[in-house]
Amino acid sequence: MTKMEGMQAFKDVFGEQPTDLFTAAGRINVIGEHIDYCGGKVFPAALNLRCNVYARKTGGNTVRLAFRGIEGIVELCVDKLDSYKELKIGNYQAGVAYYLQQEGVEIVGCDLYYDCTVPFGSGLSSSAAIEVATAVSLCEYAGVAYDKVQLALISQRAENKYAGVNCGIMDQFASAMGKKDHAVLLDCSNLSFEYVPLRLGEYCLVVANCNKPHNLVESKYNVRRQEVENALKLLQTKLDVGCLAEITPKVFAEYKYLLSGVVAKRAEHVVMECDRVNKAVAALKAGDLEELGRLLNESHYSLRDLYEVTGKELDCLTAFARKEVGCLGSRMIGAGFGGCTISIVKKTEVDGFIRRVGKAYHDAIGYKASFYETSIEDGITVEKL
Ligand code: GLA
């Protein structure tokens, strides 16, 4: 949908022209998976796939929501924002409005039309993009100065407490704080961060969606989170640490006898993945893309064998990618169980890569993968129309 089409769609639903366009990004994660909620460092980047909100302030006490491709309008009354948890559509928005209000932001009536180009359930964080774009819209109309990191935290709270998904901070942070052509090295234990240029020379990142039908990802995600919390409690009986990310591979090797079964596997993934992030960032800074690719592959194997969040679709898609001569590495990103992969592919090979990997995947799985044209962009944008 072009900007003109977005504006027209807004007018068709609400009868007037929108005055503003607020956007927030979907994200990829170069490396550092399932460690944000263990105090680890992650390395995401904001995408050109985004949640676009065409907006107009109306005053009064109703926030009206409309969505591309969905009939009708959802109305949120600003006096009872805690009562929309059960909404199938609009609950993320209500949650963000509710927690902003709790922080003292006056929620002002407005009309918001959502054109989200982040595919839903893809592991590219459509929900974070929706939350952050909503938070920006509501703060702009409340006339308050806002801090983007605070918006990310409020968005995460909405997802945790309102939508019931116990996610970490990575997605909302990347969606709000992403920077064009950079990845964000974010330390989730204290939210300190560094922008690192995503310089891949003659290579680029190819994002592919395995298109596995989405099911129960949220509940499986919450189970993983519980498992690593159990691991931490057991390790804390002997180790003075505040989170799993503080444990080095060497110390873990000494103390892993405290753990058994899946809990041991989950913790091992976290410890080793934290170590890989440091190595991957060093490799990227040194221009050693082969090493970066190797670490991406290792990350995937660990998510497959230790964290057990991949599945045959993501395993096939990344395995076919790795067979390509122009591909340095490939892994699943996001929560897993379906969704997207990233691969480092030589620019001159991208067309052939997509054709061959796409065909092999279709032959093996029985339906098609999607490949997206992506670029790395800023997180939040604000524009007068
Ligand atoms: C989802 C969550 C994030 C993070 C990833 C896995 O995207 O929202 O907080 O935990 O999964 O790395």
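Computed over heavy atoms, backbone and side chain alike; hydrogens, waters and symmetry mates excluded. Note that ligands are numbered from 1 as they come in the structure, with each ligand's atoms numbered from 1 the same way. Sequence positions, counted from 1, serve as the residue numbers for this chain.
Once rounded to the nearest 0.5 Å, the distance linking CD1 of Ile107 with CG of Asp79 reads 11.5 Å.
Here is the list of ligand 1 atoms found below 4.0 Å of a heavy atom in Arg27: 7 (O). When each atom of ligand 1 is checked for a heavy atom of Cys167 under 4.0 Å away, the hits are 2 (C), 8 (O), 9 (O). Residue Tyr37 has at least one heavy-atom neighbour below 4.0 Å for each of these atoms of ligand 1: 10 (O). For ligand 1, the atoms lying closer than 4.0 Å to a non-hydrogen atom of Gly168 are 9 (O).
Judged by the shortest distance from any of its heavy atoms, Met332 lies outside the 4.0 Å radius around the atoms of ligand 1.
In terms of N/O distances under 3.5 Å, ligand 1 is approached by Glu33. Backbone and side-chain nitrogen or oxygen atoms of Tyr221 are examined, and one is located within less than 3.5 angstrom of a nitrogen or oxygen of ligand 1.
Put simply, the side chain of Glu246 gets close to the backbone of Gly242: a donor and an acceptor are under 3.5 Å apart. Between the side chain of Asp315 and the backbone N or O of Thr318 there is no donor-acceptor pair closer than 3.5 Å. Checked by atom type and distance alone, the side chain of Ser155 pairs as donor or acceptor with a backbone atom of Leu151 at under 3.5 Å.
Relative orientation of the Tyr221 and His34 rings is tilted, given thresholds of 30° and 60° on the angle between their planes.
Each of Arg50, Lys3, Arg68 was scored for a side-chain hydrogen bond (donor to acceptor under 3.5 Å, both in side chains) with Asp115, with one residue passing: Arg68.
The shortest contact between atom 9 (O) of ligand 1 and any protein heavy atom is with Asp36 OD2, 2.5 Å. In this structure, the protein non-hydrogen atom closest to atom 5 (C) of ligand 1 is Met170 CE, 3.8 Å. Looking only at protein heavy atoms, the nearest one to atom 7 (O) of ligand 1 is Asp171 OD2, 2.7 Å.
Scored by the salt bridge (charged side-chain N to carboxylate O under 4.0 Å, His left out) test, Glu308 finds Lys265, Arg266 as partners (sequence neighbours excluded).
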